[in-house]
Asks: 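First the structure, then my questions, so here it is.
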Number of protein chains: 2
Amino acid sequence: MSQTVDRALSILPLLAEGPADLGKVAERLGVHKSTALRLLRTLHEHGMVYRQSDQRYRLGARLIALAQEAMENLDIRGIAHPHLVRLNEQCGHTVHLAVYEEDEVLYIDKVESRYPVRMYSRIGKPVAITVAAVAKLLLADLPEHERRALAEQLDYPLYTSRSTPNAPAFLRELDKVREQGWATDLGGHEESINCVAAPIRGADGRVVAAMSVSAPNVVVTADELLTLLPLVRRTADAISGEYSGRTPAKDTP
Amino acid sequence: MSQTVDRALSILPLLAEGPADLGKVAERLGVHKSTALRLLRTLHEHGMVYRQSDQRYRLGARLIALAQEAMENLDIRGIAHPHLVRLNEQCGHTVHLAVYEEDEVLYIDKVESRYPVRMYSRIGKPVAITVAAVAKLLLADLPEHERRALAEQLDYPLYTSRSTPNAPAFLRELDKVREQGWATDLGGHEESINCVAAPIRGADGRVVAAMSVSAPNVVVTADELLTLLPLVRRTADAISGEYSGRTPAKDTP
DNA sequence: CAGTGGCGTTGCAGTGAGTGCAACACTCAT
DNA sequence: ATGAGTGTTGCACTCACTGCAACGCCACTG
């Protein structure tokens with residue numbers, strides 16, 4: 001809509017790939033160097049980009065700080081966090097909280113496993129949308145046309161032999177997940193890692209977030225992990241109750 | 001420099017305070033509603049803002065994802081991380097890694113304490129610049145005029161009775177820190193929390209990052225924490241060596 | 001249910017902000 | 001020295017951005 005802003009914002013993902021110099025930015029944007037310079041300067045004034053000692057630009061600190069505030073303001077996160085911690089204390093495994101937003105699912109909170117073997121993930125990282133248990137729950141709740149449209153436009157990378165292979169299989173899986181009210185990922189993203197997930201709902205019953213417990217095979221088998229399902233669902237329901245205002249937040253017990 | 005981009009970027013910190021509707025954004029920017037609308041639309045197309053169900057805008061997912069990539073691309077972080085983990089395994093306390101950038105110091109990595117009592121902090125959060133041990137190290141290394149200028153323009157909030165009260169005291173503290181090559185924060189930010197920190201230097205000897213170990217009084221006294229200083233310094237030096245290319249990265253031992 | 005106020009949205013004419021050019025300054029290699 | 005490769009500046013042109021006014025839409029409300 002606004003050409004100048006559009007160009008300026010296009011610089012950010014470009015720099016996310018790695019530091020770039022003025023010439024490269026101008027080239028990638030398809031504009032004159034002087035134009036790119038002015039855009040970069042404006043971004044710089046706002047701290048969105050940083051000029052390192054070799055004169056190249058990279059993403060700046062303000063961006064990180066803003067993202068930080070953005071996450072703190074997601075009220076579901078603040079409500080859920082103590083519940084996630086308690087669940088982690090009970091089962092010891094990695095606990096994740098994720099939300100859906102504009103064709104992406106991303107982790108917004110995480111409590112690390114207390115076992116020495118940990119899985120790799122980071123808050124803020126978009127999840128493997130076609131296989132992650134939390135993604136299935138969040139997408140399963142979308143209106144049908146939106147869900148179909150999204151499923152069609154997605155890529156279906158074969159992380160493992162158990163990854164969801166294509167859109168029809170994915171849609172079937174989503175139907176199943178919606179019906180049963182919980183989801184799993186059994187080695188669909190990384191061969192040896194299993195997850196079990198449950199939805200968090202708002203007052204209107206819509207799924208606003210999803211949480212999961214993940215553990216590698218070497219710690220517990222998939223079957224053992226599934227025995228945690230009732231606990232995970234109870235936790236998710238407790239968060240739902242508090243989020244939708246049905247249950248007042250408990251005083252720290 | 002560029003009015004349109006400048007205005008658009010000004011929207012982001014505004015939304016970081018909390019969701020806002022079109023009228024409020026226009027008012028705060030001092031522009032017409034239609035202008036604000038176009039800026040917001042452009043931001044929206046890039047995923048920087050999100051329009052929630054009540055039509056108000058808040059910061060979007062792409063912003064969080066970008067910040068994520070920004071941090072992953074800081075090479076000091078990748079190099080330091082295994083060292084931080086090892087240090088945490090040895091002492092059990094919370095370990096932080098921080099960098100200075102454009103008048104701010106922010107945490108870019110963290111390994112959680114293994115004790116049940118943890119301190120609050122988050123990756124990406126700007127630190128209390130006038131009291132944090134890592135901040136002292138990073139600022140102490142700035143060129144003198146820059147250091148003085150920054151010290152003058154800072155606020156000196158009295159978090160506790162031991163907080164640095166004003167610019168002259170802060171500059172004296174920085175001189176001391178620069179001379180001794182390490183820094184502490186003994187209850188200057190939170191009454192019961194102490195930190196000990198050491199600098200990480202690049203090939204040219206300039207401080208590029210700082211790391212710290214933090215623990216609350218209830219776990220170890222300040223004196224006990226100080227006995228960890230040699231270990232912290234050795235770890236910082238090991239990271240320095242690897243970062244500046246003197247020591248090749250070890251194979252996982 | 002017509003009336004009213006508060007929102008977001010659209011089309012348009014005017015103009016000033018953004019653009020690209022060309023020349024310049026600087027730093028490295030050769 | 002000489003050259004190629006950077007980033008930077010000043011300027012004339014013009015097109016993209018601006019603000020206005022009118023419109024559509026919902027939620028109240030008397």
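In the text below, chain A, chain B and the rest are named by the order of the sequence lines, each starting its count at 1. What you see is a predicted model; the values in this text were computed from it and never measured. In what follows, every heavy atom counts, from backbone to side chain, and hydrogens, waters and symmetry copies are set aside.
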Asks: Below 4.0 angstrom from OP1 or OP2 of D:dT8, is there any side-chain N or O of A:Arg51?
Replies: yes
Asks: When you measure only distances, ignoring hydrogens and angles, does the side chain of B:Ser2 come within 3.5 Å of the base of C:dG18 through a donor and an acceptor?
Replies: no
Asks: Which residue, A:Gly23 or A:Met1, contacts DNA chain D at a nucleotide closer to its 5' end, judged by nearest heavy atom?
Replies: A:Gly23
Asks: Using modelled atom types and a 3.5 Å cut-off, is there a donor and acceptor pairing between side-chain atoms of B:Ser212 and backbone atoms of B:Ala197?
Replies: no
Asks: If you count heavy atoms of other groups shown closer than 6.0 angstrom to CD of B:Gln153, is the number above 12?
Replies: yes
Asks: Quick one: do A:Glu17 and A:Lys24 make a salt bridge, cutoff under 4.0 Å?
Replies: no
Asks: Specify the residues of residues 38-48 of chain B, ordered by number, for which at least one heavy atom lies under 4.0 angstrom from an atom of DNA chain D.
Replies: B:Arg38
Asks: Please walk me through it: do B:Ser2 and A:Arg41 pass side-chain contact (heavy atoms from CB on, under 4.5 Å)?
Replies: CA-CA 8 Å; B:Ser2 166; A:Arg41 274 223 260 260; over 6 Å; no
Asks: Using whole Å, what does the distance between atom P of nucleotide D:dC15 and atom CD of A:Gln3 come to?
Replies: 11 Å
Asks: Using atom CD of B:Glu27 as one end and atom P of C:dG8 as the other, report the distance to the nearest whole Å.
Replies: 12 Å
Asks: Of all the choices, D:dT8, C:dG20, C:dT9, which nucleotide is nearest to the side chain of B:Tyr57 once you look at every atom?
Replies: C:dT9
Asks: Please give, in whole Å, the distance from D:dG5 C1' to A:Arg56 CZ?
Replies: 16 Å
Asks: More than 12 foreign heavy atoms under 6.0 Å from CD of B:Glu179: is that the case here?
Replies: no
Asks: Looking at five pairs on each end of the helix from C:dC1-D:dG30 to C:dC28-D:dG3, what is the angle between the two axes, given to 10 degrees?
Replies: 40°
Asks: Looking at the side chain of A:Thr4, which of D:dA16, D:dT18, C:dT9 is the nearest nucleotide?
Replies: D:dA16
Asks: What nucleotide among D:dA16, C:dG20, C:dT10 has an atom nearest to a side-chain atom of B:Leu37?
Replies: C:dT10
Asks: Does C:dG18 have OP1 or OP2 under 4.0 Å away from a side-chain N or O of A:Thr35?
Replies: no
Asks: Closer than 4.0 angstrom, basic N to acidic O: yes or no for B:Arg62 and A:Glu104?
Replies: yes
Asks: When the distance from CD of B:Gln55 to P of D:dC26 is rounded to whole Å, what number comes out?
Replies: 10 Å
Asks: Round to the nearest Å and state the distance from B:Leu29 atom CG to D:dT18 atom P.
Replies: 10 Å
Asks: Could you check whether A:Asp175 pairs with A:Arg178 (Lys NZ or Arg NE/NH1/NH2 to Asp/Glu carboxylate O, under 4.0 Å)?
Replies: yes
Asks: Between the base of D:dG7 and the side chain of A:Lys33, is there a donor and acceptor pair under 3.5 angstrom?
Replies: yes
Asks: Checking side-chain contact (heavy atoms from CB on, under 4.5 Å) for the pair B:Asp21/B:Gln55: CA distance, chi angles, key distance, verdict?
Replies: CA-CA 7 Å; B:Asp21 59 28; B:Gln55 296 226 98; over 6 Å; no
Asks: Please verify the inter-ring angle class for A:Tyr107 with A:His96; under 30° counts as parallel, over 60° as perpendicular, anything in between as tilted.
Replies: parallel
Asks: Is any NZ, NE, NH1 or NH2 atom of the basic residue among B:Arg148 and B:Glu152 found under 4.0 Å from an Asp or Glu carboxylate oxygen of the other?
Replies: no
Asks: Among the nucleotides C:dG8, D:dT18, C:dC21, which one has an atom lying closest to any side-chain atom of A:His32?
Replies: C:dC21
Asks: Can you measure B:Leu22 atom CG to C:dT10 atom C1' for me and round it to whole angstrom units?
Replies: 13 Å
